[in-house]
Engineer: 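The structure is given below, and queries will be raised subsequently.
On a predicted model such as this, the values are computed, not experimentally measured, just so you know.
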Amino acid sequence: MLIKDMKYDENTGSERGKFDSVSLFQGEMVIVVYTDDGASVEYSEKCIEHYNDLANNGEMLAEIEDKITRFFLYMYDEWKKMGIYEDIVSDCEEVMKGYKSGRKLTDFLSAPALYVDAPEGEGIGYCIVADCPWEPEHQCEIIIRDDTVLYAGPCEGETPWGDEDDYYCIWEE
């Protein structure tokens, strides 16, 4: 079994556990499985396997990084334009320094979790949600369906089973 310490949370209707991540993020990672909505632990383990296999898929990792970069650069400009959130702008400046020095923006994401909703059809789909300095209120969400990165942006509660319009991002234009 890939998932450890699985416990039911009746407030969210989900099972919460941990697994060993060897992919986008390294080390122990939280997994949330929406069992009340029809997701199963067995399906979730397939999602973990797919997620961990991203380590061997340079094309998808590059696409994730590209989408996160577009998201960051857009938010960096927006926070600066607002001129009222000095603490967020300061955090973004630190990220920008790292980005300009060659660091990947995924290095700045923290406390990642894998979210698994009930599958629709035969595919694999999941969301990765992490704390994010350039979107501290909504976090950063990466949505994957099969071998496609559908979205990287603020966490808006979307699932991997939406329509293309559900994943629209102004920074993708």
Engineer: Hydrophobic clustering (ILVMFWY, side-chain heavy atoms < 4.5 Å, transitive) - are V30 and I143 grouped together?
Structural biologist: no
Engineer: Is there a donor-acceptor contact under 3.5 Å from the side chain of D146 to the main chain of I124?
Structural biologist: yes
Engineer: Quick check against the 3.5 Å criterion: does E45 have a side-chain atom that pairs as donor or acceptor with the backbone of M1?
Structural biologist: no
Engineer: Would a single hydrophobic cluster contain both I31 and V22, if residues Ile, Leu, Val, Met, Phe, Trp and Tyr are joined by side-chain heavy-atom contacts under 4.5 Å?
Structural biologist: no
Engineer: Just by modelled atom types, is the Y51 backbone N or O under 3.5 Å from a matching donor or acceptor in the S23 side chain?
Structural biologist: yes
Engineer: Taking the side chain as every heavy atom from C-beta outward, state whether S21 and N52 have any atom pair closer than 4.5 Å.
Structural biologist: yes
Engineer: Which pair of heavy atoms, one from Y43 and one from D117, lies closest together, and at what distance?
Structural biologist: CE2-O, 3.5 Å
Engineer: Begin from the C-alpha positions of K80 and E93 and carry the test salt bridge (charged side-chain N to carboxylate O under 4.0 Å, His left out) through to its verdict.
Structural biologist: CA-CA 10 Å; K80 287 180 77 169; E93 291 293 347; 3.6 Å; yes
Engineer: Do P112 and L24 have side-chain heavy atoms sitting under 4.5 Å apart?
Structural biologist: no
Engineer: Flag yes if L105 and L54 sit in one hydrophobic cluster, no otherwise; membership is Ile, Leu, Val, Met, Phe, Trp, Tyr, and two members link when side-chain heavy atoms are under 4.5 Å apart.
Structural biologist: yes
Engineer: Strictly distance-based, threshold 3.5 Å: is any side-chain N or O of Q139 a donor or acceptor partner for the main-chain N or O of V129?
Structural biologist: no
Engineer: Using every non-hydrogen atom in the two residues, find where S44 and I3 come nearest and quote the distance to one decimal.
Structural biologist: CB-CD1, 4.0 Å
Engineer: Restricting to non-hydrogen atoms, name the atom on F25 and the atom on A130 that form the minimum distance, rounded to 0.1 Å.
Structural biologist: CZ-CB, 4.5 Å
Engineer: Tell me, with the steps shown, if K46 and E49 meet salt bridge (charged side-chain N to carboxylate O under 4.0 Å, His left out).
Structural biologist: CA-CA 5 Å; K46 290 179 185 177; E49 288 171 357; over 6 Å; no
Engineer: Taking side chain as C-beta onward, heavy atoms only, is I68 less than 4.5 Å from W134?
Structural biologist: yes
Engineer: Are any non-hydrogen side-chain atoms of P133 and C92 less than 4.5 angstrom apart?
Structural biologist: no
Engineer: Are V32 and M6 co-members of a hydrophobic cluster defined by side-chain heavy atoms under 4.5 Å apart?
Structural biologist: no
Engineer: Any link between Y8 and V116 through a network of hydrophobic side chains (Ile, Leu, Val, Met, Phe, Trp, Tyr) touching at under 4.5 Å?
Structural biologist: no
Engineer: Given 3.5 Å as the limit, does a donor-acceptor pair link the side chain of R103 with the main chain of K97, or not?
Structural biologist: no
Engineer: Search all heavy atoms of E141 against all heavy atoms of G157 and return the closest pair with its distance.
Structural biologist: OE1-N, 4.0 Å
Engineer: So do the side chains of Y168 and E173 get within less than 4.5 Å of each other, counting heavy atoms only?
Structural biologist: yes
Engineer: Short question: side chain of T69, backbone of E65 - any donor-acceptor pair under 3.5 Å?
Structural biologist: yes
Engineer: Check whether D36 reaches the backbone of E10 with its side chain - one donor and one acceptor, N or O, closer than 3.5 Å.
Structural biologist: no
Engineer: If you apply the rule side-chain contact (heavy atoms from CB on, under 4.5 Å), what do you find for I64 with I144, and how did you get there?
Structural biologist: CA-CA 9 Å; I64 289 168; I144 295 175; 4.1 Å; yes
Engineer: With under 30° as parallel and over 60° as perpendicular, where do the rings of Y34 and Y115 fit, or are they tilted in between?
Structural biologist: parallel
Engineer: When you compare the side chain of L109 with that of I128, does any pair of heavy atoms fall below 4.5 Å?
Structural biologist: no
Engineer: Dump the intermediate steps for side-chain hydrogen bond (donor to acceptor under 3.5 Å, both in side chains) on E156 and Y167, then the final yes or no.
Structural biologist: CA-CA 10 Å; E156 302 287 347; Y167 311 115; over 6 Å; no
Engineer: Determine yes or no for a side-chain-to-main-chain donor-acceptor pair under 3.5 angstrom, with W161 supplying the side chain and G125 the backbone.
Structural biologist: no
Engineer: Given 3.5 Å as the limit, does a donor-acceptor pair link the side chain of D9 with the main chain of N11, or not?
Structural biologist: yes
Engineer: Determine whether more than 12 heavy atoms belonging to other residues, nucleotides or ligands lie under 6.0 Å from atom CD of Q26.
Structural biologist: yes
Engineer: Report yes if the side chains of K67 and Y151 come closer than 4.5 Å at any heavy-atom pair, otherwise no.
Structural biologist: no
Engineer: For T148 and M60, which heavy atoms make the closest approach, and how far apart are they?
Structural biologist: N-CE, 4.0 Å
Engineer: Could you check if a side-chain atom of L150 sits within less than 4.5 angstrom of a side-chain atom of E164, using non-hydrogen atoms only?
Structural biologist: no
